[in-house]
Peer 1: 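Mind looking over this structure? Questions follow.
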Number of protein chains: 2
Amino acid sequence: MTHSDTPQLTLKRFFPYRLANLQAAVSGAVGRLYTGRFNLTHQEWRVLATLSEYPELSAKDIATHTNLEKMQVSRAIARMTERGLLLQHPAAHDRRYLRLQLTEKGLQTYRDIVPLVLEREAYLLDALSAEEQQLLDGLLDKLLERTHQLAEQDKLKE
Amino acid sequence: MTHSDTPQLTLKRFFPYRLANLQAAVSGAVGRLYTGRFNLTHQEWRVLATLSEYPELSAKDIATHTNLEKMQVSRAIARMTERGLLLQHPAAHDRRYLRLQLTEKGLQTYRDIVPLVLEREAYLLDALSAEEQQLLDGLLDKLLERTHQLAEQDKLKE
DNA sequence: TCAAATTTGTTTCACTTGAAACTATAAGCC
DNA sequence: GGCTTATAGTTTCAAGTGAAACAAATTTGA
């Protein structure tokens, strides 16, 4: 290694940068499917997908499931309710909780979108062999685990 | 496969969702290094890194190199100039162009940050074996290529 | 039992952001 | 040359965002 005061950093090879670019591109590619025709934001799509999978969650639960802030969920819910995609009822056992329920229109929207995004996901992953896909899956998990460790470390140092 | 009207989608296993979560976590982990102590935004960091690598680029060039919009670059440049991190001179041959140049303070800031982010990148990637790292690199490239194809397709359909 | 603390969800306020309009300069074309 | 078009960068304006304050309901713990 030659002598140098500053370690080398090449932005184009910097992993966080590469990951950010890929994510933005993937997010855009999938987002184009539901922002235009279905007029859903990214967050609304997540709420829709989560409620389809787990009916009658509360806003809090959705925040947990979707990695969104409770505020973003609150706003997504408000817009979706306004547009007739879901209904809110205060829960009987604890009136702080909202029981959220997709309307038929909400469910239909979900059913319309799912094939589109799955097809696009499949197209993306088709760039990889089955083995590579499985490997990628594991790599993402390992990396995510590390970010949790870093978050822990930083929290302690605060 | 059992019969079902709607193909299955499990948000937690949905690749774009997983990628978005990982990216947010990685971006956060690295961002914490320069947002707090150095008071740089994500975009300012990219501009700083790019100018360190390629001195005297124009704003347009930086936008290209960093995957930022020209507007974001314009704003980053304005803030960084104000804070004494860089200088702008109109280019002699074409006065529309800005010749951007890091000041000593800008360079020093860069030199201070580089070891921190490189260390963090290394820590993240240490979750993977050398082979896995190389593989990941290739996978990201292949996937990125696919997103370009999708962008092309969508552009034509517009 | 009832005051303090906690939890769920909303709202406010200041800041950031993106799209489009705009300014200034240069290039193309007759 | 002079008119149109294109390009670099900035500004404006409306919409989106996050942090923190807030309201309402519930739990805790003397």
Side-chain angles (χ1 to χ4, degrees), chain A residues 20 23-25 27-28 31-32 34-36 39-47 50-51 54 56-83 86-101 151 155 158, chain B residues 20 23-25 27-28 31-32 34-36 39-47 50-51 54 56-83 86-101 151 155 158:
Chain A
Q23 193 279 325
S27 173
R32 285 194 294 278
Y34 50 73
T35 51
N39 194 27
L40 288 176
T41 66
H42 183 65
Q43 292 120 24
E44 285 160 11
W45 155 247
R46 283 197 188 183
V47 169
T50 303
L51 271 176
Y54 309 98
E56 310 231 344
L57 289 185
S58 71
K60 177 74 191 306
D61 295 332
I62 291 190
T64 308
H65 272 84
T66 55
N67 259 317
L68 297 173
E69 299 292 317
K70 64 177 180 172
M71 201 188 9
Q72 299 178 292
V73 174
S74 171
R75 282 165 176 157
I77 286 171
R79 284 187 299 259
M80 291 170 79
T81 303
E82 214 171 304
R83 293 173 51 201
L86 61 77
L87 296 170
Q88 323 177 24
H89 316 277
H93 71 290
D94 184 337
R95 286 161 58 214
R96 288 173 304 182
Y97 286 81
L98 291 180
R99 213 159 41 84
L100 299 173
Q101 200 177 17
K155 206 163 198 174
E158 245 171 34
Chain B
Q23 193 279 324
S27 172
R32 285 193 293 276
Y34 49 73
T35 52
N39 193 28
L40 288 177
T41 66
H42 183 64
Q43 292 120 25
E44 286 160 10
W45 155 247
R46 284 197 187 184
V47 169
T50 302
L51 272 177
Y54 309 98
E56 309 231 347
L57 287 185
S58 71
K60 177 71 192 306
D61 295 332
I62 291 190
T64 307
H65 272 85
T66 54
N67 260 316
L68 296 173
E69 300 291 316
K70 63 178 181 172
M71 202 189 9
Q72 299 178 291
V73 175
S74 171
R75 283 167 175 156
I77 287 171
R79 283 186 299 256
M80 292 170 79
T81 303
E82 215 173 303
R83 293 173 50 200
L86 60 77
L87 296 170
Q88 324 177 23
H89 316 279
H93 71 289
D94 185 337
R95 287 160 59 211
R96 287 173 305 182
Y97 286 80
L98 293 180
R99 212 158 43 82
L100 299 172
Q101 201 176 16
K155 207 163 196 175
E158 245 172 33

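Bear in mind that the values here come from a model prediction, so they are computed numbers and not experimental data. Below, chains carry the letters A, B, ... as their sequence lines are ordered, and counting in each starts from 1.
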Peer 1: What is the separation between atom CG on A:Leu100 and atom C1' on C:dG9, rounded to the nearest whole Å?
Peer 2: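 Distance check: A:Leu100 CG to C:dG9 C1' gives 11 Å.
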Peer 1: Would you say a side-chain N or O of B:Gln43 is under 4.0 Å from OP1 or OP2 of C:dT17?
Peer 2: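 True: B:Gln43 side-chain N/O within range (under 4.0 Å) of C:dT17 OP1/OP2.
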Peer 1: Sequence neighbours left out, what passes side-chain hydrogen bond (donor to acceptor under 3.5 Å, both in side chains) with B:His89? Give chain and number order.
Peer 2: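 B:Gln101.
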Peer 1: Using atom NE2 of B:His93 as one end and atom C1' of C:dA26 as the other, report the distance to the nearest whole Å.
Peer 2: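 In whole Å, C:dA26 C1' lies 10 Å from B:His93 NE2.
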Peer 1: Rounded to whole Å, how long is the line connecting atom CE of A:Met80 with atom P of C:dT10?
Peer 2: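 Taking atom P of C:dT10 as the reference, CE of A:Met80 is at 14 Å.
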Peer 1: Between the protein and nucleotides 1-5 of chain C, are there any N/O to N/O pairs under 3.5 Å, and if so, what are the atom names and distances?
Peer 2:
none

Peer 1: Among all residues two or more places apart in sequence or in another chain, which pass the salt bridge (charged side-chain N to carboxylate O under 4.0 Å, His left out) test with A:Arg75?
Peer 2: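 Result, salt bridge (charged side-chain N to carboxylate O under 4.0 Å, His left out) vs A:Arg75: none returned.
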Peer 1: Within the 3.5 Å criterion, strictly below it, is a donor on B:Thr64 or B:Asp61 matched to an acceptor on the partner's side chain?
Peer 2: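 B:Asp61 and B:Thr64 do not have a side-chain donor-acceptor pair below 3.5 Å.
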Peer 1: Please tell me which of the listed nucleotides, C:dT25, D:dC13, D:dT10, lies nearest to the side chain of B:Arg95?
Peer 2: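 Closest of the options to the side chain of B:Arg95: C:dT25.
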Peer 1: Round to a whole Å and report the spacing from CZ of B:Arg99 to C1' of D:dA8.
Peer 2: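 B:Arg99 atom CZ is separated from D:dA8 atom C1' by 16 Å.
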Peer 1: Out of C:dG9, C:dT17, C:dT6, which has the shortest distance to the side chain of A:Arg96?
Peer 2: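 That would be C:dT6.
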Peer 1: Which whole-number value in Å describes the distance from A:Asp94 CG to C:dT8 P?
Peer 2: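 Nearest whole value for this atom pair: 8 Å.
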Peer 1: Quick check for you: to the nearest 0.5 Å, what is the distance between A:Glu44 atom CD and A:Leu68 atom CG?
Peer 2: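 If I round to the nearest 0.5 Å, the distance is 11.0 Å.
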Peer 1: Can you name the residues that form a side-chain hydrogen bond (donor to acceptor under 3.5 Å, both in side chains) with B:Arg96, not counting sequence neighbours?
Peer 2: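 Here the qualifying residues are B:Asp94.
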Peer 1: Measure from the side-chain heavy atoms of A:Arg75 and tell me the nearest of D:dT12, D:dT17, D:dT10.
Peer 2: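 Closest nucleotide among those given: D:dT17.
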Peer 1: With heavy atoms under 4.0 Å as the rule, sort B:Ile77 into base, sugar-phosphate or nothing.
Peer 2: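 Contact class for B:Ile77: none.
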Peer 1: Using a heavy-atom distance cut-off of less than 4.0 Å, which residues of residues 57-72 of chain A contact DNA chain D?
Peer 2: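 Contacts with DNA chain D under 4.0 Å: A:Met71, A:Gln72.
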Peer 1: Tell me every residue that passes salt bridge (charged side-chain N to carboxylate O under 4.0 Å, His left out) with A:Glu69, counting only those two or more places apart in sequence or in another chain.
Peer 2: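 A:Glu69 satisfies salt bridge (charged side-chain N to carboxylate O under 4.0 Å, His left out) with no other residue.
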Peer 1: Taking B:Thr81 for the side chain and B:Ile77 for the main chain, is one N or O donor matched with an acceptor at less than 3.5 Å?
Peer 2: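 Side chain of B:Thr81 to backbone of B:Ile77: a pair is present.
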Peer 1: What class does the angle between the rings of A:His65 and A:Tyr54 fall in, given that below 30° is parallel, 30 to 60° is tilted and above 60° is perpendicular?
Peer 2: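 Tilted, since the angle between the ring planes falls between 30° and 60°.
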Peer 1: Choosing from D:dT11, C:dG9, D:dT12, which nucleotide comes nearest the side chain of A:Tyr97?
Peer 2: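 Ranking D:dT11, C:dG9, D:dT12 by closest atom to the A:Tyr97 side chain puts C:dG9 first.
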Peer 1: Check the distance between D:dA15's P and A:Arg79's CZ and give it to me in whole angstrom.
Peer 2: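 Between P of D:dA15 and CZ of A:Arg79: 13 Å.
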Peer 1: Between CD of B:Glu56 and CG of B:Leu87, what distance do you get to the nearest 0.5 Å?
Peer 2: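 The CD atom of B:Glu56 sits 10.0 Å away from the CG atom of B:Leu87.
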